Amino acid sequence: MAVAAEGPFRSPSVDLSSYRDQHFKGSRAEQERLLRNSTTLYIGNLSFYTTEEQIYELFSTCGDIKRIVMGLDKYKKTPCGFCFVEYYTRPEAENCMRYINGTRLDDRIIRSDWDAGFIEGRQYGRGKTGGQVRDEYRSDFDSGRGGYGKILQQKVGSTDGIFS
């Protein structure tokens, strides 16, 4: 039986972050309860070129994976830098938070966070252009995430055609 992350056994690496999904359908208390018992993790800052097989290989070192759901651009249906990894048990997911969060995959420092549980439709980016919102506003060049941010690409592309 797993020890709860409280009292003297508390481990900061498995604590809940301050981030909460603003699109969660339910009360804040329900979301907190689901997060504290979840076996699902949101994995962010992935390269657009990272494969499901690479994710499986890395994350299965922490436990048996129930499923992986790749994040997709809602218009192009191509990977857009995130995924959900669901384990069978909470201790397996906690191992992931302890040992994989902040490690390098495909030359990127990935981050993991607790998720209240995957619901169909959440695999699609929420940005206006179909990908992740943060990728729309990036002003730097990031080859692993499609080059410059989408808004910058549109501005530059409309004036000289470089990004068209």
Side-chain angles (χ1 to χ4, degrees), residues 5 11-24 34-35 38-157 162-164:
S11 174
S13 61
V14 299
D15 285 350
L16 301 182
S17 72
S18 59
Y19 174 79
R20 297 295 176 269
D21 179 7
Q22 300 303 309
H23 297 273
F24 180 78
L34 289 170
L35 288 169
S38 182
T39 59
T40 303
L41 299 172
Y42 168 89
I43 311 302
N45 203 38
L46 293 172
S47 167
F48 288 3
Y49 307 103
T50 300
T51 65
E52 189 171 335
E53 290 78 15
Q54 288 173 286
I55 293 165
Y56 184 86
E57 185 177 329
L58 176 61
F59 286 84
S60 65
T61 62
C62 291
D64 292 330
I65 294 174
K66 188 173 186 179
R67 71 176 167 168
I68 295 171
V69 179
M70 296 298 289
L72 302 173
D73 180 296
K74 68 182 161 194
Y75 302 121
K76 298 178 193 169
K77 305 299 186 262
T78 57
C80 68
F82 71 97
C83 74
F84 297 92
V85 175
E86 185 177 358
Y87 288 95
Y88 284 98
T89 68
R90 177 71 179 203
E92 291 170 325
E94 288 177 358
N95 281 339
C96 177
M97 290 293 287
R98 281 187 191 96
Y99 305 119
I100 295 181
N101 185 31
T103 61
R104 190 174 296 276
L105 176 63
D106 248 0
D107 287 329
R108 304 189 65 77
I109 302 297
I110 58 172
R111 66 180 193 284
S112 57
D113 203 354
W114 293 107
D115 189 79
F118 176 76
I119 296 170
E120 189 60 37
R122 289 193 56 221
Q123 71 268 37
Y124 300 113
R126 295 177 177 168
K128 290 182 176 110
T129 60
Q132 289 188 283
V133 174
R134 66 184 280 258
D135 283 321
E136 293 181 341
Y137 295 98
R138 263 188 310 98
S139 59
D140 61 322
F141 183 83
D142 187 339
S143 61
R145 294 185 72 86
Y148 288 102
K150 298 281 188 186
I151 290 175
L152 186 59
Q153 285 180 28
Q154 290 170 350
K155 285 180 184 173
V156 173
I162 292 174
F163 297 107
S164 301

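Remember, predicted model here, so these are calculated numbers, not experimental data.
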In Å, rounded to the nearest 0.5 Å, how long is the span from [atom1] of [X] to [atom2] of [Y]?
X	Y	atom1	atom2	value
Arg108	Thr103	CZ	OG1	13.0 Å
Leu41	Cys83	CG	SG	9.0 Å
Gln123	Asp73	CD	CG	12.0 Å
Asn101	Ile109	CG	CD1	10.5 Å
Ser112	Tyr42	OG	OH	11.0 Å
Leu46	Arg111	CG	CZ	9.0 Å

> Can you list the residues that meet the side chain to side chain contact (heavy atoms under 4.5 Å, CB included) rule with Glu52, with sequence neighbours excluded?
Replying inline: Ile68, Met70

>> If the condition is side chain to side chain contact (heavy atoms under 4.5 Å, CB included), which residues does Tyr49 pass it with, not counting sequence neighbours?
In response: Ser47

>> Are there over 12 heavy-atom neighbours, none belonging to Glu57, within less than 6.0 Å of that residue's CD?
In response: no

>> How about NZ on Lys66, more than 12 heavy atoms from neighbouring residues, nucleotides or ligands closer than 6.0 Å, or not?
In response: no

> Can you tell if the side chain of Ile110 reaches within under 4.5 Å of the side chain of Phe59, non-hydrogen atoms only?
Replying inline: yes

> Side chains of Ile43 and Ile100: closer than 4.5 Å at any heavy-atom pair?
Replying inline: no

>> For Thr50, give me all partners under side-chain hydrogen bond (donor to acceptor under 3.5 Å, both in side chains), at least two apart in sequence or on another chain.
In response: Asp106

> Taking only residues at least two apart or on different chains, which pairs with a member in residues 96-121 satisfy ring-ring contact (aromatic ring centres under 6.0 Å, His included)?
Replying inline: Phe84-Phe118

> Which heavy atom of Arg90 sits nearest a heavy atom of Val14, and at what distance?
Replying inline: NH2-O, 4.5 Å

>> Which heavy atom of Phe24 sits nearest to which heavy atom of Ala116, and what is that distance?
In response: CE1-CB, 4.0 Å

>> Applying side-chain hydrogen bond (donor to acceptor under 3.5 Å, both in side chains) as the test, list every pair that has at least one member in residues 78-89; sequence neighbours left out.
In response: Arg67-Glu86, Thr89-Glu92

